[in-house]
Each structure stands twice: as C-alpha cells, then as structure tokens.
There are 2 protein chains.
Amino acid sequence: MKVLSKGTVYGLRALVYLATQKDRTGYVSIGEISEKLDISFHFLTKTFQMLTQKGILESYRGPSGGIALNKPAEQIFLFDIVKILEGDDFFDKCLLGLPGCGDFEPCPVHDFWKVAKAALKNEFEITSLAELGAKVTDERLRLSA
Amino acid sequence: MKVLSKGTVYGLRALVYLATQKDRTGYVSIGEISEKLDISFHFLTKTFQMLTQKGILESYRGPSGGIALNKPAEQIFLFDIVKILEGDDFFDKCLLGLPGCGDFEPCPVHDFWKVAKAALKNEFEITSLAELGAKVTDERLRLSA
DNA sequence: TTCTTTTGCGACTAAATACTCTTAAATCTT
DNA sequence: AAGATTTAAGAGTATTTAGTCGCAAAAGAA
C-alpha cells in the first residue's frame, strides 16, 4: 500500500531524526541529515523548504546553519506534516477519485471509505514526532535496515 | 490520499458496474463498459485480462462475447481485487518503505501504521461487490458526477 | 573584502505510471 | 469460406513523479 509520496516519506524520516536530536542545540545541517539517512541532498532540500515555509521548521544559512524544529516535537503531528507535503485535501479524497463524491452524492465505496479513512486520519492526528522519535533506538531510519 | 493506482480504480468501478447488471444473462462487452464508465477501452482491457487470469472474471471472445463475474458478487471482496491489481503485499508494506521493517525490527512508525493498516484491511476484507453494487442507484460510476 | 559554508530556487534528466495504437486470435454470422 | 465482432497481447507515446545539477543568496570566518 503506497499511501505517501517519496518526498513525504523522506520528510517524515528526516523529521523523526531531528526529533531524536533534541539534546543538541542549534541547527542541524541538511547535509548531515542527507548523509545519515541516505537521502538525496537536493531532494531533501526541496522538501525542507516547504516545511520551513509552513512553519514546521526554522532554517538558517551560513556556517553552522541548518534547520531545526520550530516547536517542540510533542506538538508536531504526522497529520500536520502529511497535510503540508501531500496537500490539504489528503484525507478528504474519494477512493475512486470521483469528483462530486460526498455524503450527499456518495460513490459506491463512499461509506466504506469514510469509515476506513476516519480511522487512519485519527492515527495520524494523535501521533507526534516525539512519540516516534522515542521509539528509534539506533540507526533504523536508514534504508540499509 | 491516493491509495490505489488508476488501473485498480478502473477495475473496481467496472466490477461494481458488472455487479449492478446481475439480472442480465451472458457476457457484457468491454466496449460497453468503457463507454458507459468513460474509461479507455484498451486500458480497461489490460486490467480485465489480469482479473480474468486470476479467476475473478470469465471472458469470451467473438460476437456477443465479453466478460462476466466468475462467482456471485456476494463472494467477491475488495480485498481480493486489490490484492490482484496492486500486488499480494499491498497490505503488508511499511509506511516508510524501509526494507527490514517488521514486529521484530520495527521502523519508528511501525506500531502506528500497524494499527491503522489493520483497520483498513478489515474494511476491504468485509466489503463485497454486491454490497457496493446495491448502493449504486444510477450513473454514479462515471466521472461526470 | 574575500573565501567558505550552508540554504533557496529554478532548470534539467531519469524513471515510473498512465494511456494509445496495432495486430493477432477466437468465435459467431452469413 | 469470408467477414464481422470481440478479447489478448505487445509495442509505442505521453504525462507525472522522482531525482540531479548548477548557481544565487545569506551569513560567518579569515
């Protein structure tokens, strides 16, 4: 099941990494993250730009610059990140992609999907970066599992 | 949230359409379905070929040929269709796409995703084509909602 | 000021997905 | 047997997504 685009996945992995570095002060460079997590530097940069513009991250240029979470990891939820990177309507789309689909004019899978989607959305809403960061004991964010 | 590929969506819409035609005897031509649902004929043909090979559909060539459900719509579940069209591991994938991820060596979102995915999978497992077909009162399977 | 480090941003390339076209094979009709 | 209808299958094209490259802009250091 491919729910998230690559860009979103990279963003999530990188943010969880950041959440695990909470005892470090100052900024963490994109170069370091891209190296540690084996993610293309330029690709990651673009994803971070979006997160910076939307207030999830704070960025700073120049030596010892980089990025940092703009608020405590406890207050950043998967829901926020995914909505920014995948679009605001991410949790509202019809499973079949039919335009007018809604409670008033439901597609055949509307009721089914409404229930399933609500469960998923709830999980995204209650899960914070801090919670995820706490589970990462070592280098499990890399591809080389 | 884009969970399913276009091919799968087309397949689902077409199968639901077939389920609504249960009082008709014999085969329904792919041409008719592609026209009624506004789906590319050739694209639909490929999707149907896969469903035919996997025993969901029965096909017949020549005049008044076409396709037909190979068993009652009550016995065909979204789960079956999706697994055929998206791959057997559809409901087993790691949200972050990390290779070794599992209960033994979980990624940071493993527990979270396990719960959400189980709920989704269950919905797909219990929902049959018959159930969906019963909800389609008129031409709500077309794109022109 | 000049050089180095690091993010910002636009253009370019590659790969995956979606779609189209052509021809073959099966089956019915005349 | 010849032609029409309909699925099967593969090759080719287009669009979208993913990934790369190069350079400008900001900021610190020498």
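Note: hydrogens, waters and symmetry copies are ignored here, and every other heavy atom, side chains too, is used.
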**Student:** In whole angstrom, what separates B:Q49's CD from C:dA24's C1'?
**Tutor:** 12 Å
**Student:** Do A:E74 and A:S128 have a side chain donor and acceptor closer than 3.5 Å?
**Tutor:** no
**Student:** I'd like to know if the side chain of B:N122 reaches the main chain of B:A119, judged simply by a donor and an acceptor atom lying under 3.5 Å from each other, with no hydrogens or angles considered.
**Tutor:** no
**Student:** Does anyone know the first and last nucleotide of DNA chain D in reach of chain B, 5' to 3', at under 4.0 angstrom to a heavy atom?
**Tutor:**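 Range of nucleotides touched by chain B: D:dT5 to D:dA11.
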**Student:** Please check the phosphate of C:dT7 (OP1 and OP2 only) for any side-chain N or O of A:T45 closer than 4.0 Å.
**Tutor:**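 So the side chain of A:T45 is outside the cut-off, no N or O lying under 4.0 Å from OP1 or OP2 of C:dT7.
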**Student:** Across the strands shown, which category fits A:Y27 at heavy-atom distances under 4.0 angstrom: base, sugar-phosphate, nothing?
**Tutor:**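 Here A:Y27 touches no strand at all.
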**Student:** Going by distance alone, is a donor N or O of one side chain under 3.5 Å from an acceptor N or O of the other, for A:S5 and A:E86?
**Tutor:**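 Side-chain D/A pair, A:S5 to A:E86: present.
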**Student:** Could you work out which one of C:dA24, C:dA18, C:dC28 sits closest to the side chain of B:K6?
**Tutor:**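 Given the options C:dA24, C:dA18, C:dC28, the side chain of B:K6 is closest to C:dA18.
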**Student:** Could you give the CG-to-P distance, from B:L44 to C:dA18, as a whole number of Å?
**Tutor:**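 Result: 14 Å.
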**Student:** Quick one: are A:D103 and A:K114 in side-chain contact, heavy atoms under 4.5 Å?
**Tutor:** yes
**Student:** Measure from CZ on A:R61 to C1' on C:dT4 and round the result to the nearest Å.
**Tutor:**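 Going from CZ in A:R61 over to C1' in C:dT4 covers 15 Å.
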**Student:** Assign each of A:G62 and A:S5 to its nearest nucleotide of DNA chain D by heavy atoms, then name whichever residue's nucleotide is nearer the 5' end.
**Tutor:** A:S5
**Student:** Contact class for B:Q53 (heavy atom, under 4.0 Å): base, sugar-phosphate, or nothing?
**Tutor:** sugar-phosphate
**Student:** Is the B:Y10-B:F43 ring centre distance short of 6.0 angstrom?
**Tutor:**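 Yes, ring centres under 6.0 Å apart.
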**Student:** Looking only at N and O atoms, is any donor in the side chain of B:H42 or the base of C:dT22 less than 3.5 Å from an acceptor on the other one?
**Tutor:**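 Present.
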**Student:** Distance check needed: C:dT29 P versus B:Y60 OH, whole Å only.
**Tutor:** 10 Å
**Student:** Categorize A:F41 for me: base, sugar-phosphate, or nothing, with a 4.0 angstrom heavy-atom threshold over every strand shown.
**Tutor:**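 Counting heavy atoms under 4.0 Å across all strands, the contact made by A:F41 includes a base.
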**Student:** B:F43 has an atom CZ; how far is it from atom C1' of C:dC21, in whole Å?
**Tutor:**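 Rounding to the nearest Å, CZ of B:F43 and C1' of C:dC21 are 15 Å apart.
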**Student:** What contact category does B:G66 fall into here, base, sugar-phosphate, or nothing, at under 4.0 angstrom with non-hydrogen atoms?
**Tutor:**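 If one applies the 4.0 Å heavy-atom cut-off, B:G66 turns out to touch the sugar-phosphate alone, with no base involved.
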**Student:** Could you state the CG-P distance from B:L4 to C:dT17, rounded to the nearest angstrom?
**Tutor:**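 These atoms are roughly 14 Å apart.
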**Student:** Using the side-chain heavy atoms of B:P63, tell me which of these nucleotides is nearest: C:dG8, C:dA26, C:dC28.
**Tutor:**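 Per side-chain heavy atoms of B:P63, the pick is C:dC28.
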**Student:** Hey, which of these two, A:G65 or A:K2, hits DNA chain C nearer its 5' end, going by closest nucleotide?
**Tutor:** A:G65
**Student:** Students often mix this up, so state it plainly: with edges at 30° and 60°, are the rings of B:Y27 and B:Y60 parallel, tilted or perpendicular?
**Tutor:** parallel
**Student:** Before you tell me yes or no, could you show the steps for B:K117 and B:E123 under salt bridge (Lys or Arg N to Asp or Glu O under 4.0 Å), namely the whole-Å CA-CA distance, both residues' side-chain angles and the distance that decides it to 0.1 Å?
**Tutor:** CA-CA 10 Å; B:K117 203 165 48 179; B:E123 288 288 327; over 6 Å; no
**Student:** Take atom CG of B:D38 and atom C1' of C:dT20, then tell me their distance rounded to the nearest Å.
**Tutor:** 16 Å
**Student:** Give the rounded distance in Å between these two atoms: CE of B:M50 and P of C:dT17.
**Tutor:**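 Nearest whole value for this atom pair: 13 Å.
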**Student:** Relative to the ring of A:F124, is the ring of B:W113 parallel (under 30°), tilted (30 to 60°) or perpendicular (over 60°)?
**Tutor:**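 B:W113 vs A:F124 ring planes: perpendicular.
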